[in-house]
There are 2 protein chains.
Amino acid sequence: MAESFSIGDLARRTGIKVPTIRYYESIGLMPEPDRTAGNQRRYGRDALDTLNFIAHARAFGFPMKSVHHLLDIAAHPERPCEDIDALVAERLIEVEMRISGLTRLRDELSGLLAGHEHGTVGECRIIEAFSDHSLCAPGHKHDLPME
Amino acid sequence: MAESFSIGDLARRTGIKVPTIRYYESIGLMPEPDRTAGNQRRYGRDALDTLNFIAHARAFGFPMKSVHHLLDIAAHPERPCEDIDALVAERLIEVEMRISGLTRLRDELSGLLAGHEHGTVGECRIIEAFSDHSLCAPGHKHDLPME
DNA sequence: ATAGGGCCTCTAGTCACTAGAGGTTCAAGA
DNA sequence: TCTTGAACCTCTAGTGACTAGAGGCCCTAT
Ligand SMILES: [Zn+2]
Ligand SMILES: [Zn+2]
Ligand SMILES: [Zn+2]
Ligand SMILES: [Zn+2]
């Protein structure tokens, strides 16, 4: 007879917490599993694979919407896989933009620290910089879309 | 007589949206302003300064908790400014860790794209990699605390 | 005096979970 | 077989940092 996993088994094997698995089911990411007579969820091997796939896609930083999309694609082995490329390329661009924004931010922050000597708040260069853009970096502006 | 700004004036001058200003007030980040006879908020120049300070700190990526802290510190010009250093240094470390995590991620994503040829989903290397850690990068694991 | 844009409060929605209450079921040991 | 207690169930609410909408009042310029 086929393997059968409780929700806790799945959690232990995938590292995804039990409430999160139920949440994934509630948003339609995981199919509804069979139940025991006492209404507890029982999963098969395929659910385990799906959950690992989800965990892996999330680890790559894909938002849930893309994970949905990826699962849909993966469910049809005979179709062409070109959409995958687009999704991964899109994610790569996001990550690169994020890196360059954060790199600018890193430079600004270390610039603040570099020019800093301990004194009173009233004389503090860092506080001054927070109060006035023109002091925090020459000709500078913050245009990160938010982190 | 002193300058007086409506909440919309503040929004235009700081780039922070009106509901956000009300939200900041609700969480105690901005003091409660005076009101007109008709119950509308009227701000002075100090509120404008505070709001600009908040916007700037947020642009540096500080979470609200730290913004609170920074405002508290800035409100006491005679005290020593050493806590500022700690806050900025902490933020810098976060940013650096984030950059290194994202850099690894970038390399993995471009690795996936590099080895990819269009075919069917069933043969797709990228889908395979999502299904199996051992294929997505040799000896690799994803341990980003979450983006 | 009236039009209409700005302002008010309150509620609910976002994303991806997480925590808790209060109750039921399963499985292992006696 | 019975008992215990860990694991499971559903449902609600909370997180952070806002954003959107409903329904209604105010302010100011013409
Ligand atoms: Zn200082
Ligand atoms: Zn600045
Ligand atoms: Zn492919
Ligand atoms: Zn992997």
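Chain letters run A, B, ... following the sequence lines, proteins first, then strands; residues in each count from 1. Only heavy atoms go into these numbers, but all of them, side chains included; no hydrogens, no water, no symmetry mates.
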Below 4.0 Å: OP1/OP2 of dC26(C) and any side-chain N or O of Thr36(A): yes
Within 6.0 Å of CD in Glu78(B), more than 12 heavy atoms from elsewhere: yes
Check ion pair Glu94(A)-Arg91(A) (N to O, under 4.0 angstrom): yes
Under-4.0 Å salt bridge between Arg104(A) and Asp107(A): no
Sorted by number, the residues of residues 5-35 of chain A with heavy-atom contact under 4.0 Å to DNA chain D: Ser6(A), Ile7(A), Gly8(A), Arg22(A), Arg35(A)
Evaluation steps, side chain to side chain contact (heavy atoms under 4.5 Å, CB included), between Met64(B) and Arg58(B): CA-CA 8 Å; Met64(B) 297 307 275; Arg58(B) 295 286 298 137; 3.5 Å; yes
Interatomic spacing from CG in Leu109(A) to CZ in Phe62(B) - rounded to 0.5 Å: 6.0 Å
DNA chain C contacts among residues 37-46 of chain B, heavy-atom distance under 4.0 Å: Asn39(B), Gln40(B), Arg41(B)
Exam field: side chain His56(A) to backbone Ala129(B), donor-acceptor pair closer than 3.5 Å: yes
Check: Gly115(B) main-chain N/O paired with Arg125(B) side-chain donor or acceptor under 3.5 Å: yes
Minimal non-hydrogen separation, Thr50(B) against Leu71(B), with atom names: CG2-CD2, 3.9 Å
Rounded interatomic separation in angstrom, taking CZ from Phe62(B) and C1' from dA17(D): 17 Å
